[in-house]
Every structure is written in C-alpha cells, then in structure tokens.
A.B. asks: 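Pasting a structure here, questions to come.
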Amino acid sequence: MTTRTSWADLAANSAAENVGVGSSDSNKAAGSTSGGGRPAYVPPHLRNRPPSADPPAPTSSGPASSNDRLGQGGSRWAAPRNDYNNRSGYGGSGGRPGGWGGRSGGWDRGRDREVNPFGNDDDTEQAFSEQENTAINFDAYEDIPVDTSGDNVPPPVNTFAEIDLGEALNLNIRRCKYVKPTPVQRYAIPISLAGRDLMACAQTGSGKTAAFCFPIISGIMRGPVPQKPVRGARTVFPLALILSPTRELSMQIHEETRKFSYQTGVKVVVAYGGAPINQQLRELERGVDILVATPGRLVDLLERARVSLQMIRYLALDEADRMLDMGFEPQIRKIVEQMDMPPPGVRQTMLFSATFPREIQRLASDFLANYIFLAVGRVGSSTDLIVQRVEFVQESDKRSHLMDLLHAQRANGAQGKQALTLVFVETKKGADSLEHWLCMNGFPATTIHGDRSQQEREQALRSFKSGTTPILVATDVAARGLDIPHVAHVVNFDLPNDIDDYVHRIGRTGRAGKTGLATAFFNDNNASMAKSLADLMQEANQEVPAWLTRYAARSFGGRNRRPGGGGRFGGRDFRRDSSFNRGGSDYYGGGNNAGGYGGGYSANVASAWD
DNA sequence: AAAAAAT
C-alpha cells in the first residue's frame, strides 16, 4: 500500500465529514445532569400525596404521559410491564406500596416525564445522515473472524428480529438506526440471553455497549418483580451494575443505555467522582434498575449505605482488563466480592474489553461461572480501516514533527475545517505543556487528563467533539472506550509502554466502519515496544518500516509480547492454553467451571486458531 | 514511572 501520500488525504476526507459536528448530541451528553428538560425536584414530603391533588406542572413539550404510548393491550409484554409499573417506585421512593407508581397521574416522573434521549438527534441525523448512522459500514464487519469457547455455546443470530428482545427495545433499536447486529452483538446477545457468563474481546466502536445492554434491559423487563429487602429507607437496590474505568466512559455508557431503555420503564442512573454527589443521590432516590458507575464513587455510595448490591442480577465490566489491572483490582474485588453482591452463578457476569491479557483472564475467572469466551477480530486493524504509521522521531524533534503533520492536514482540509486529531502523551504535565505550545503556534487545542477538574474535562471533550478545538491532547484517560465520532487522526506523540494501550488508543479513530489514521512517534525510549508494535502492525497488514523490524530483532521486550502468538484476535481463551492446562491446578481448585470444558480444548483445537 | 479512581 502507498500510505506515504494517503495519510493526508485520509485526514482531509475525514475533515470533510466533520463539517457541522457542532450540533452533535454529545453536547447534550455532558449536560445529562443539568439539562433543560429535567422535571423539577419534588421534595419528599410531597411525594406521598395522591396524584389527583395538585400535580406538578406538566413539562412544556413532549407527551403528557409516555404510558399512553406504551400500547398496553394485546402486547405480550403487557404483563411484565404492568408488573413494572408497580415496581417503579421501588427503591427510589422508599418502596411505598402502591405509591406513586400509578399509571394515571403525573407522579411517576421517571416514566411519564422521561426526557427523550433521542430528542436532539434529529438535527444531527440530518447533518450526518448517511455517514453517521445509516451508513455504519457493515460491510467492514463481514468476514470478521470470531472465536468462541466454553460449554454449550448458544448459536449466533443474524438479525435482531431473531432475538426476542421485546417491542419497546426493538423500537429503540430502530430509533438508533441499528439495522442489523454487529458481530459481537450477534454472538454475545444470545449467550447473554441464555443466562451465561461471558468474557468478550471486541473493539469498542463495534457495538459492545449494546451487546451487554440489550440482554440486561430485556432481562429486567421480563424478570420477576423484585421484593425490596428491609434496609434503611434511603438505600436503593439496582438490578444491574455496569462498571467502567473512567468518568467520561461511564457518562457515555449512561447516555447510550438511556437510549436503549427509553420508555421501557427500566431506569438508568450514572454515578462518578468529580461531580457533586447530591444530585447523583437524588437521581438514585428516584429509582434505579441499572447503575452505571466508576469504582471510587460506587464504593463511596456503598459505604454510605445509599446503594446495596444485594439485588444485582447482572454485572458488566467494561474495559475489563483495565478494571483488573494493578491499580484497580483491589477496588473491584471489594465491590464484587466483599460487599453484598450475589456470587458468580447467582448473578450473571459479563466482561468486555478490546484486549484481554492472559494474567487478567486468570483474575477475571474469579468473577465468572462456567463462562463462554468470545473473541471478535479487530474491526479496525484487521480490515485496514486504520492506517497505522510509525515514524522515528527523537524526543527533541517531536513538537516540530507534530507541527508538520498538522500543517499538512490543515492544507488538505476541506473548507478550512480541520480534521479532529487526538494526540496522546505520557504525562499530565506533558499534556498541559503541549496544549499550551500548540495554542501558541496557532493550533487551537485543549487537553484532558486527571489533574483537570471534571468540569474542565467534560468541557474539553465537548469542545473537541464540536470542532471548536480540533486538537485534543490527552493522557491515557482518553485511551479507552470513548466514542468520539470523526476523529481522523490519532497521534501517539509518546508511545505507551504496553501494546494493549496502543491498541486501545488507535481504536479512537476508524470507528463504526470509517477509516482513520494512526501515527506513532518512535525513538530509543520505546525500544521495548518495537517487537510487539512490529508484530501488531504486521498482523494488521500494515507497512512495517525496515528500521522497526531491525529494532524488533534486537530488542528483548518480553513484557510486551503477546503470548500465544497473537493471530488476528484481540485475545484468546487462556483456558485453552496448553501450558495453563498442565499447570492450572489452582484454577481447577477454584471449582468454578468443573466439567465445562475440562481438557476438551488442548493443542488440536487451539491450533486451528494459531 | 505514569495514569486512573472518592472526599
């Protein structure tokens, strides 16, 4: 491939797609806790009053009662939904029997006055029509290798129609313009609907959130009405917990989940640090079925006894490998194992990530019972949607080299619009300093990292998404999971020390089947990455510079090598590893998976995928 | 060594 000239074109093409991003609903996303359409707070002493007496003023627009639109009669969903009505005061409003979950009044605010999460999308859809939604490049998802292992794997489906998700959810799927399931959805949804635990390797941007949300929402809708346990009146009992490693990712999952659960009666609440806790507590008090959270804030809520995990039926860890790495593992273990969450086998557990190192899989298996491992080929790299380039740049030359890239990109840009460029650096200080330097040199930039206030972080993300500052300098806080449409170029100004982090970073471009460009600056400091980087690029059919191959040949870099020889997959079931099978007595001692696959997978099966 | 995540 002749990437030498194509990279600028790529960026320029993406720049053309960028026109008009200002109307993106992402602007709304960050305002989820302060939006204009939010109903006024009703003080607790007013909540017990009968619906007929002095109802709150109706919202200015929208349906008076979303229940009217639920079409109760004749639906096979009528029964669970009616049950749900009785439940909707559950947890939040103190579980008052027959309380304000009634169908007729305006008191069940969580439903009757549910803010339409699709409300602002109309403009966006018009601006982007073909590109953003309808034209998700599904062809790019065809022929992607998929690998499953485990006991009695349910067969995949080819259409949403084959899956019994229910009317309300199907309507939301149509509203989201999802035409057919992505590969991870085709496999993961039936597995999850069958009640099985799941460890899934799939790149974000391939429909991962929906893959674990649809079964959760559907399961809550048709599941039994929970009985509120005896607890402090202000404790709430979510039925599903979704954990993610960064605040912005939790916000994003929340926004997406709200769309999927719109008018299903299933309530989604998000809780994360850096934001006032009181508003989050109020949201929880209004009722919560699905709680999306970052670990720190959740631990806080658990210790305050404002949340109990006793009723959890579904646990999902997004970016699960990050959640279980050294920094996070104790907190996650506390939440999952040392609070009041039901054990594996009782709850249903789903772990998702684009990468799943073997050691992490071993840790993760503590949380799972007789699980199915699912690996979906990398959408981006394996289909050349992301063009990866690596350039040898000395530390002292990095800034001027970046400037060259940006100038070329600007020259090729359409209508003066600059392509969105995400620049990853190693440190928070480095991020601030590079941002300042870029601004001084005529390139509007902003930055996101852990030393900034949450407000600043969210503002930076908005400003980047809208194109106001088309350059975002970021630490690894932005490496994982964030879905930022129209990122044309990811620059690894400083390479990470872990090849998996590289995979996550470049995954911020080339999303939803679009093309993207990833440029890495490499020098002697990155010697330990040479081998893994060269291997990865080769696997993805990228042009590997000769100098990098030479580097790789003489570097040791054992830590970054992919065990098991890599292959086209982001991961491979560690249970199938022959070395593990021989030496894995500790694992079988756990008793989690006795009889499932024991010994069934060894060299011959594994070799089919090598 | 760095980043993230509660106050």
Side-chain angles (χ1 to χ4, degrees), chain A residues 33 204 241-254 269-281 284 291-307 309 317-336 338-339 353-355 357 360 395 422-435 447-458 460-461 472-482 492-505 508 523-529 557 559-560:
Chain A
T33 54
T204 43
L241 175 64
I242 302 172
L243 290 174
S244 96
T246 66
R247 298 163 181 174
E248 286 77 12
L249 185 52
S250 280
M251 291 174 49
Q252 177 182 305
I253 294 168
H254 174 239
V269 175
V270 67
Y272 54 83
I277 200 169
N278 281 336
Q279 182 141 15
Q280 293 174 6
L281 288 173
L284 288 169
L291 177 58
V292 183
T294 48
R297 176 55 59 90
L298 177 60
V299 168
D300 190 6
L301 293 168
L302 291 168
E303 288 175 346
R304 294 175 188 226
R306 297 300 294 262
V307 171
L309 303 178
L317 301 193
D318 203 2
E319 307 299 337
D321 63 332
R322 168 62 89 226
M323 304 298 280
L324 289 167
D325 81 4
M326 278 201 328
F328 266 126
E329 194 206 340
Q331 238 174 344
I332 300 303
R333 280 201 187 276
K334 175 168 186 172
I335 292 166
V336 176
Q338 290 155 33
M339 305 304 290
S353 181
T355 54
I360 301 289
E395 286 300 325
L422 182 51
V423 182
F424 281 105
V425 297
E426 188 70 15
T427 66
K428 293 176 280 197
K429 263 182 66 176
D432 280 335
S433 137
L434 182 58
E435 177 220 8
T447 182
I448 183 168
H449 60 69
D451 273 356
R452 304 201 79 195
S453 74
Q454 191 55 28
Q455 268 198 335
E456 289 172 324
R457 286 165 58 157
E458 290 170 20
L461 208 48
L472 178 65
V473 184
T475 60
D476 268 332
V477 69
R480 285 169 175 263
L482 289 189
N492 273 290
F493 189 89
D494 302 318
L495 270 166
N497 294 313
D498 188 313
I499 190 65
D500 286 338
D501 290 333
Y502 173 85
V503 171
H504 284 275
R505 284 179 177 187
R508 294 319 97 213
N523 59 40
D524 287 340
N525 298 333
N526 311 114
S528 71
M529 284 284 290
R559 172 163 121 65
N560 287 318

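All values derive from a computational prediction rather than experimental measurement. Order of the sequence lines sets the chain letters (A, B, ...), proteins ahead of strands, with each chain counted from 1. Heavy atoms only: backbone and side chains are in, while hydrogens, waters and symmetry mates are out.
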A.B. asks: Once you round it to whole Å, what is the distance between P of B:dA5 and NE2 of A:H449?
C.D. replies: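 Rounding to the nearest Å, NE2 of A:H449 and P of B:dA5 are 12 Å apart.
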A.B. asks: Using OP1 and OP2 only, check whether a side-chain N or O of A:R480 sits under 4.0 Å from B:dA4.
C.D. replies: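 Checking B:dA4 against A:R480, no side-chain N or O comes under 4.0 Å of OP1 or OP2.
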A.B. asks: Nearest-Å distance, CD (A:Q331) to P (B:dA3)?
C.D. replies: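 The distance from CD of A:Q331 to P of B:dA3 comes to 18 Å, rounded to the nearest Å.
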A.B. asks: Checking side-chain hydrogen bond (donor to acceptor under 3.5 Å, both in side chains) for the pair A:S250/A:S244: CA distance, chi angles, key distance, verdict?
C.D. replies: CA-CA 6 Å; A:S250 280; A:S244 96; 2.9 Å; yes
A.B. asks: Counting the atoms with a prime plus P, OP1 and OP2 as sugar-phosphate, which does A:R322 contact under 4.0 Å by heavy atoms, base, sugar-phosphate, or nothing?
C.D. replies: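 Nothing, no heavy atom under 4.0 Å.
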A.B. asks: Rounding to an integer number of Å, can you tell me how far A:D494 CG sits from B:dA3 C1'?
C.D. replies: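 Whole-Å distance recorded here is 13 Å.
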A.B. asks: Let me spell it out: for each of A:T294 and A:T427, pick the nucleotide of DNA chain B with the closest heavy atom. Which residue's pick is nearer the 5' end?
C.D. replies: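 Counting from the 5' end, the first nearest nucleotide belongs to A:T427.
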A.B. asks: Atom CG of A:L298 and atom P of B:dT7: how far apart are they, to the nearest Å?
C.D. replies: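 Atom CG in A:L298 sits about 13 Å away from atom P in B:dT7.
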A.B. asks: For A:D321 and A:S353, does a side-chain donor sit closer than 3.5 Å to a side-chain acceptor?
C.D. replies: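 Note: A:D321 and A:S353 side chains meet the donor-acceptor criterion.
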A.B. asks: Report the residues that fulfil side-chain contact (heavy atoms from CB on, under 4.5 Å) with A:E456, sequence neighbours left out, ordered by chain and then residue number.
C.D. replies: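 Testing A:E456 for side-chain contact (heavy atoms from CB on, under 4.5 Å), a comparison that skips the adjacent residues, returns A:R452, A:S453.
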A.B. asks: What's the CD-P distance between A:E329 and B:dA5, to the nearest Å?
C.D. replies: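 Rounded to whole Å, this separation is 19 Å.
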A.B. asks: Does A:G327 reach a base, just sugar-phosphate, or nothing at all? Heavy atoms under 4.0 Å.
C.D. replies: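 Result for A:G327 = base.
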A.B. asks: Could you tell me whether A:R457 contacts a base, only the sugar-phosphate backbone, or nothing, with contacts defined as non-hydrogen atoms closer than 4.0 Å?
C.D. replies: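 Sugar-phosphate only.
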A.B. asks: For the side chain of A:T246, counting heavy atoms from C-beta on, which of B:dA6, B:dA1, B:dA4 is nearest?
C.D. replies: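 Of the options given, the side chain of A:T246 lies nearest B:dA4.
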A.B. asks: Name the one of A:V307, A:V292, A:I335 that satisfies side chain to side chain contact (heavy atoms under 4.5 Å, CB included) with A:L241?
C.D. replies: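 Single side chain to side chain contact (heavy atoms under 4.5 Å, CB included) partner of A:L241 among A:V307, A:V292, A:I335: A:I335.
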A.B. asks: According to a strict under-4.0 Å criterion, is A:K428 in side-chain N/O contact with OP1 or OP2 of B:dA4?
C.D. replies: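 Indeed, a polar side-chain atom of A:K428 lies that close.
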A.B. asks: Mind checking what makes side-chain contact (heavy atoms from CB on, under 4.5 Å) contact with A:A479, not counting sequence neighbours?
C.D. replies: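 Applying side-chain contact (heavy atoms from CB on, under 4.5 Å) to A:A479 gives A:F424, A:D476, A:R505.
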A.B. asks: In whole angstrom, what separates A:R333's CZ from B:dA5's C1'?
C.D. replies: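 Result: 18 Å.
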A.B. asks: Calculate the interatomic distance between A:L243 atom CG and B:dA6 atom P; express it in whole Å.
C.D. replies: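 Taking CG of A:L243 and P of B:dA6, I get 11 Å after rounding.
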A.B. asks: So what does A:D476 hit on the nucleic acid, given a heavy-atom distance under 4.0 Å: a base, only sugar-phosphate, or nothing?
C.D. replies: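 Result for A:D476 = nothing.
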A.B. asks: Nearest-Å distance, CZ (A:F493) to P (B:dA3)?
C.D. replies: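 These atoms are roughly 15 Å apart.
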